[in-house]
Asker: 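Let me give you the structure first, and then I'll get to my questions.
Note that the coordinates shown come from a computational prediction; the quantities given were computed from them, not determined experimentally. Throughout, residue positions are numbered sequentially from 1 according to the sequence presented.
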Amino acid sequence: MRHNLTLQDISRLSFIFYMQIFYTISKIKKYISEHKNKKISIGFVPTMGALHKGHISLIDRAKAENDICICSIFVNPIQFNNKEDLLNYPRHLENDITQLIAVNCDILFAPSEKEMYPVPDNTIYNLGGLDKFMEGKFRLNHFNGVAVIVKKLFEIVEPNRAYFGAKDFQQLVVIKYLVKKYSIPVEIISCNIVREDDGLALSSRNARLTKEERAIAPFIHQILLKAKEKSRTNSVNEIKNMVSEEINAKPLIKLEYFEIVNKSTLENIEKIDDFSDCIACIAVFVGNIRLIDNINFL
Ligand code: PAF
């Protein structure tokens with residue numbers, strides 16, 4: 001369904017449906033300090049916009065488990081290691097706002113880049129090495145950029161609970177570490193991956209796939225299911241070989257990595273002793289679009 005609402009229409013609608021939109025830190029902080037005094041619990045869903053059913057499931061859960069739900073939309077430039085990816089990242093603020101109103105999100109925080117970074121933030125976080133595995137090898141400084149923005153957002157929004165999708169599994173582990181390390185009083189809630197009917201994990205980047213690429217993309221989930229099945233009988237090396245051979249035999253898909261790692265430390269697992277420790281994570285290029293996914297072996 002297409003929405004042709006202008007930002008003006010939306011401001012009117014958000015007033016009717018009581019979703020407040022804040023564009024500045026000072027205004028949202030004022031709102032939050034008033035509500036914190038009333039001991040209201042805040043569920044927070046940080047996003048980069050281009051909202052899909054996966055994000056909406058996080059909003060639904062945040063709403064169900066808290067007195068109010070705050071969503072943020074901010075395409076964080078410092079977590080992109082690739083300029084082209086940042087430029088091409090989908091931005092549909094009007095459509096996002098319409099979706100948030102439809103699910104009764106209470107507050108949207110949509111700051112500008114200047115608002116979040118009035119001066120460059122060069123903070124370097126020690127993320128316990130968790131940022132160096134998998135994504136970290138291919139996206140230099142990505143998790144430091146995530147840590148900078150997530151910590152800033154937590155300080156502004158002061159949520160009781162924050163909701164993240166398990167598709168970005170490494171991000172979840174890194175954020176849990178950040179929160180522990182800096183004693184940030186927020187509970188991090190991991191939410192199940194939401195998939196299309198054909199198994200493709202929902203991602204804002206899916207919208208950029210061509211028809212042919214979209215048709216092949218569900219293979220990512222299929223190969224993960226096969227890897228899990230093989231984990232019952234085959235060695236880690238055999239599973240890895242199977243995945244890389246089958247992916248590379250497909251047109252349009254190129255494997256960047258496939259790793260079987262310990263869920264807490266993210267270290268490679270050489271031999272599977274306990275399925276509950278193991279998660280398989282994958283990153284591929286489908287055409288020019290980089291997609292990630294994962295599967296628990298339990
Ligand atoms: O997962 C995302 O959308 C982003 O990495 C996040 C957590 C909103 C930080 O920019």
Side-chain angles (χ1 to χ4, degrees), residues 1-5 46-59 73-100 102 134-140 142 145-146 164-171 191-228 240-259 280-295:
M1 187 167 67
R2 281 198 60 77
H3 302 276
N4 294 315
L5 298 178
T47 79
M48 297 204 297
L51 301 182
H52 50 64
K53 283 183 282 172
H55 296 114
I56 297 305
S57 74
L58 305 182
I59 304 274
I73 294 182
F74 178 66
V75 181
N76 176 33
I78 67 165
Q79 72 184 72
F80 285 80
N81 57 315
N82 177 328
K83 272 202 179 120
E84 221 174 287
D85 193 23
L86 172 61
L87 277 175
N88 291 328
Y89 199 83
R91 291 162 174 87
H92 307 295
L93 188 59
E94 282 94 345
N95 190 27
D96 289 346
I97 294 174
T98 312
Q99 290 192 65
L100 291 172
M134 300 189 288
E135 290 294 287
K137 287 189 192 151
F138 296 92
R139 304 185 70 190
L140 209 64
H142 166 67
V146 171
F164 294 88
K167 180 176 71 68
D168 297 293
F169 179 76
Q170 189 173 5
Q171 170 170 279
C191 301
N192 289 341
I193 300 177
V194 181
R195 297 183 182 279
E196 299 284 6
D197 291 344
D198 59 15
L200 177 63
L202 294 193
S203 160
S204 304
R205 290 186 167 88
N206 293 352
R208 293 173 50 207
L209 297 168
T210 64
K211 208 164 155 230
E212 292 74 25
E213 291 162 357
R214 174 64 188 82
I216 202 105
F219 188 67
I220 304 166
H221 182 51
Q222 287 158 21
I223 200 75
L224 287 177
L225 288 171
K226 190 162 174 186
K228 177 173 177 165
K240 284 187 172 177
N241 289 339
M242 180 277 292
V243 170
S244 69
E245 272 166 30
E246 292 209 17
I247 292 250
N248 291 329
K250 286 268 169 206
L252 298 174
I253 306 195
K254 206 173 135 266
L255 183 65
E256 192 163 69
Y257 67 77
F258 170 80
E259 305 281 7
C281 299
I282 193 165
V284 300
F285 276 95
V286 182
N288 288 325
I289 311 302
R290 188 175 186 278
L291 299 176
I292 59 171
D293 200 348
N294 62 72
I295 196 162

Asker: To the nearest 0.5 Å, tell me how far Leu255 CG sits from Asn248 CG.
Answerer: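 Separation between the atoms: 6.0 Å.
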
Asker: Dump the intermediate steps for salt bridge (charged side-chain N to carboxylate O under 4.0 Å, His left out) on Glu135 and Arg290, then the final yes or no.
Answerer: CA-CA 11 Å; Glu135 290 294 287; Arg290 188 175 186 278; 2.9 Å; yes

Asker: For a quick test of reading the model, state the closest non-hydrogen atom pair linking Arg91 to Val75 and the distance between them.
Answerer: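 That would be NH2-CG1, 3.5 Å.
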
Asker: Write down the atom of Ile220, the atom of Val284, and the distance for their closest heavy-atom approach.
Answerer: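 It is CD1-CG2, 3.6 Å.
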
Asker: Measure across Met48 and Phe80 and return the closest heavy-atom pair with its distance rounded to 0.1 Å.
Answerer: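 The pair with the smallest heavy-atom distance is CE-CZ, 3.8 Å.
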
Asker: Would you please test Ile289 and Arg214 for side-chain contact (heavy atoms from CB on, under 4.5 Å) and show each step?
Answerer: CA-CA 10 Å; Ile289 311 302; Arg214 174 64 188 82; over 6 Å; no

Asker: If you round to the nearest 0.5 Å, how far is CG of Asn294 from CE of Met134?
Answerer: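 One gets 8.5 Å once the value is rounded to the nearest 0.5 Å.
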
Asker: Pick one: which of Lys167, Arg205, Arg195 meets salt bridge (charged side-chain N to carboxylate O under 4.0 Å, His left out) with Asp293?
Answerer: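 Exactly one pass, corresponding to Arg195.
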
Asker: Is it the case that over 12 heavy atoms from other parts of the model lie below 6.0 angstrom from the CG atom of Asn288?
Answerer: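 No - once you tally the heavy atoms of other residues, nucleotides and ligands closer than 6.0 Å, there are 12 at most.
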
Asker: On a heavy-atom basis, which atom in Glu94 and which in Thr98 lie closest, and how many Å separate them?
Answerer: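 In this case the closest contact between Glu94 and Thr98 is O-OG1, 2.8 Å.
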
Asker: Return the CD1 to CD1 distance between Ile97 and Ile73, rounded to the nearest 0.5 Å.
Answerer: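 The distance works out to 6.5 Å.
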
Asker: Check whether more than 12 heavy atoms from other residues, nucleotides or ligands sit under 6.0 Å from atom CG of Asn192, and answer yes or no.
Answerer: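 No - once you tally the heavy atoms of other residues, nucleotides and ligands closer than 6.0 Å, there are 12 at most.
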
Asker: Apply side-chain contact (heavy atoms from CB on, under 4.5 Å) to Phe258 and Ser244, showing your working.
Answerer: CA-CA 8 Å; Phe258 170 80; Ser244 69; over 6 Å; no

Asker: Just by modelled atom types, is the His52 backbone N or O under 3.5 Å from a matching donor or acceptor in the His55 side chain?
Answerer: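 Judged by distance alone, yes, a pair lies under 3.5 Å.
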
Asker: For a quick test of reading the model, state the closest non-hydrogen atom pair linking Pro90 to Ser204 and the distance between them.
Answerer: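 Closest pair (atom of Pro90, atom of Ser204, distance): CG-O, 3.6 Å.
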
Asker: For a side-chain contact (heavy atoms from CB on, under 4.5 Å) check, start with the C-alpha distance between Ile282 and Ile247, then their side-chain angles and the critical distance, and finish with the verdict.
Answerer: CA-CA 11 Å; Ile282 193 165; Ile247 292 250; 3.9 Å; yes

Asker: Measure the shortest side-chain to side-chain distance between Asp96 and Thr47 over non-hydrogen atoms and say whether it is less than 4.5 angstrom.
Answerer: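 No; the side chains remain at least 4.5 Å from each other.
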
Asker: So which atom in Glu259 and which in Lys240 form the shortest heavy-atom distance, rounded to 0.1 Å?
Answerer: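 Heavy atoms of Glu259 and Lys240 come nearest at OE1-NZ, 3.4 Å.
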
Asker: List for me each residue that meets side chain to side chain donor-acceptor pair (under 3.5 Å) alongside Gln170, sequence neighbours excluded, and say none if there are none.
Answerer: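 None.
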
Asker: Which value, rounded to the nearest 0.5 Å, describes the distance between Asn206 atom CG and Leu200 atom CG?
Answerer: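 Going from CG on Asn206 over to CG on Leu200, the span is 4.5 Å.
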
Asker: Do Leu252 and Thr210 make a side-chain contact, defined as non-hydrogen atoms from C-beta onward lying under 4.5 Å apart?
Answerer: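 Answer no - side chains too far apart.
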
Asker: To the closest 0.5 Å, what do you measure between CG (Asn82) and CG (Leu87)?
Answerer: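 Result: 9.0 Å between the selected atoms.
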
Asker: Taking the side chain as C-beta and beyond, is there a heavy-atom pair between Tyr257 and Cys281 under 4.5 Å?
Answerer: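 In short, these two side chains touch, coming nearer than 4.5 Å.
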
Asker: How many angstroms lie between CD in Glu256 and CZ in Arg139, if you round to the nearest 0.5 Å?
Answerer: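 Rounded to the nearest 0.5 Å, the CD-CZ separation comes to 9.0 Å.
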
Asker: For a side-chain contact (heavy atoms from CB on, under 4.5 Å) check, start with the C-alpha distance between Val243 and Lys226, then their side-chain angles and the critical distance, and finish with the verdict.
Answerer: CA-CA 9 Å; Val243 170; Lys226 190 162 174 186; over 6 Å; no

